[in-house]
There are 2 protein chains.
Amino acid sequence: MVTMLEVTDISAGVCCAPLVREPLGASDAEILAHKIKALSDPTRLRLLSIVAASEDQEACVCDLTEPVGLSQPTVSHHLKILTEAGYLTRTRRGSWAYFRLQPEALELITQFLSLPART
Amino acid sequence: MVTMLEVTDISAGVCCAPLVREPLGASDAEILAHKIKALSDPTRLRLLSIVAASEDQEACVCDLTEPVGLSQPTVSHHLKILTEAGYLTRTRRGSWAYFRLQPEALELITQFLSLPART
DNA sequence: GCTCGCTATCGATAGATGTCAATATCGACT
DNA sequence: AGTCGATATTGACATCTATCGATAGCGAGC
């Protein structure tokens, strides 16, 4: 399994637009698509935005079920997907599971999709 | 149907991170998720990147089937999704359909997902 | 140790999605 | 008009996905 797309390129500032620089390879596309797919659901976007807008950018499951109006298992399911994709981190404190935003993951996506300035 | 997320806010430079500024409403989340979903497939990412890396940032279906290794109907299907989501535009010249990158659509997504500088 | 509350997992189900073969459409050229 | 090549649409199918109810696991406090 590839290290992590072209993170090295990005952090090294090689260029600015991996998507444009050259045709995406099949395996890189697979990895990138997987990360983007985690963002492609309205409920997950709302969960992410609620967490991001929360105090200390963290929230527990109990804070999230009511705002999105879905069952607790469903919310847990979405949080798991977001966590596995790297957008959230999970820490247990007492009985509660707190989810915190992981900004680097979002930055990676935005940098990957960003285009060079047009002429 | 909502105008278009918070494009006005973005272009007015209200802030920088719609996702973080406040919890996303259900209908805005729906629209944004739909646009992101168009990017959440490896084949579509590859098609987009091939078009972007092409001469004049445009390509026809015939240029695209072989690189991605899928049938012509499948490629047409993906191109339709990308076009309807606003990432590509389609113009016919003779028998060929040329697809061109629409950078604004990608910029909208990246701006929407971008976060404010951390402290 | 038991119970209680919070979270995760399981099983089921309806609906969405990616893919192809077959076919239709459309434009160009004779 | 008729044919041919490029693209789009249709129908079918297997797979994936979002959702829920039921249930299991896990900390805390008694």
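Every chain is numbered from 1 and lettered A, B, ... according to where its sequence line falls, protein lines coming before strand lines.
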Notebook entry, point to check: Taking atom P of C:dG18 as reference, at what distance in whole Å does atom CZ of B:R46 sit?
Noted result: 16 Å
Margin query: Checking side chain to side chain contact (heavy atoms under 4.5 Å, CB included) between B:F99 and each of B:L88, B:D63, B:L48, B:I50, which is the one that passes?
Written below: B:L88
Next item on the list: Using atom NZ of B:K80 as one end and atom C1' of D:dT7 as the other, report the distance to the nearest whole Å.
Entry: 12 Å
Check: Taking CG from A:L64 and C1' from C:dT7, how many angstroms apart are they, rounded to a whole number?
Finding: 12 Å
Note to self: I need the CD-P distance between B:E58 and D:dT7, as an integer number of Å.
What the structure shows: 12 Å
Next item on the list: Mind calculating the distance between CZ (A:R92) and C1' (C:dG5) to the nearest angstrom?
Entry: 11 Å
Next item on the list: Measure from the side-chain N and O atoms of A:S76 to the backbone N and O of A:P73, and report whether any donor-acceptor pair falls under 3.5 Å.
Entry: no
Notebook entry, point to check: For the side chain to side chain contact (heavy atoms under 4.5 Å, CB included) test, which of B:I81, B:L101, B:I109 pairs with B:Y87?
Noted result: B:I109
Next item on the list: Answer yes when A:E58 and A:R90 have at least one side-chain N-carboxylate O distance shorter than 4.0 Å, and no when they do not.
Entry: no
Note to self: For A:L47, is there any backbone N or O sitting under 3.5 Å from a side-chain donor or acceptor partner on A:R44?
What the structure shows: no
Check: Where do A:K37 and A:S40 come nearest, in terms of heavy atoms and distance?
Finding: O-OG, 2.8 Å
Check: With distance as the sole test, does A:R46 use its side chain to make a donor-acceptor pair with the main-chain N or O of A:S49 at under 3.5 Å?
Finding: no
Checklist line | Rounded distance in Å - CH2 (A:W96) to C1' (D:dG29) | finding: 11 Å
Margin query: Rounding to an integer number of Å, can you tell me how far A:R93 CZ sits from D:dA28 C1'?
Written below: 16 Å
Notebook entry, point to check: Which part of the nucleic acid does B:Y98 contact within heavy-atom distance under 4.0 Å: base, sugar-phosphate only, or nothing?
Noted result: nothing
Check: Does a side-chain N or O from A:R90 land closer than 4.0 Å to OP1 or OP2 of C:dT7, or not?
Finding: no
Checklist line | Whole angstrom value for the distance that separates P of C:dA16 from CD of B:E30 | finding: 12 Å
List, with names and distances, any nitrogen or oxygen atoms from the protein found under 3.5 Å away from nitrogen or oxygen atoms belonging to nucleotides 18-21 of chain D.
from   : atom 1 : to    : atom 2 : distance (Å)
D:dA18 : OP1    : A:R44 : NH2    : 3.0
D:dT19 : OP2    : A:H78 : NE2    : 2.3
D:dC20 : OP2    : A:S71 : N      : 3.0
D:dC20 : OP2    : A:S71 : OG     : 2.9
D:dC20 : OP2    : A:T74 : OG1    : 2.7

Check: At under 4.0 Å, does any side-chain N or O of A:S76 touch on OP1 or OP2 of C:dA8?
Finding: yes
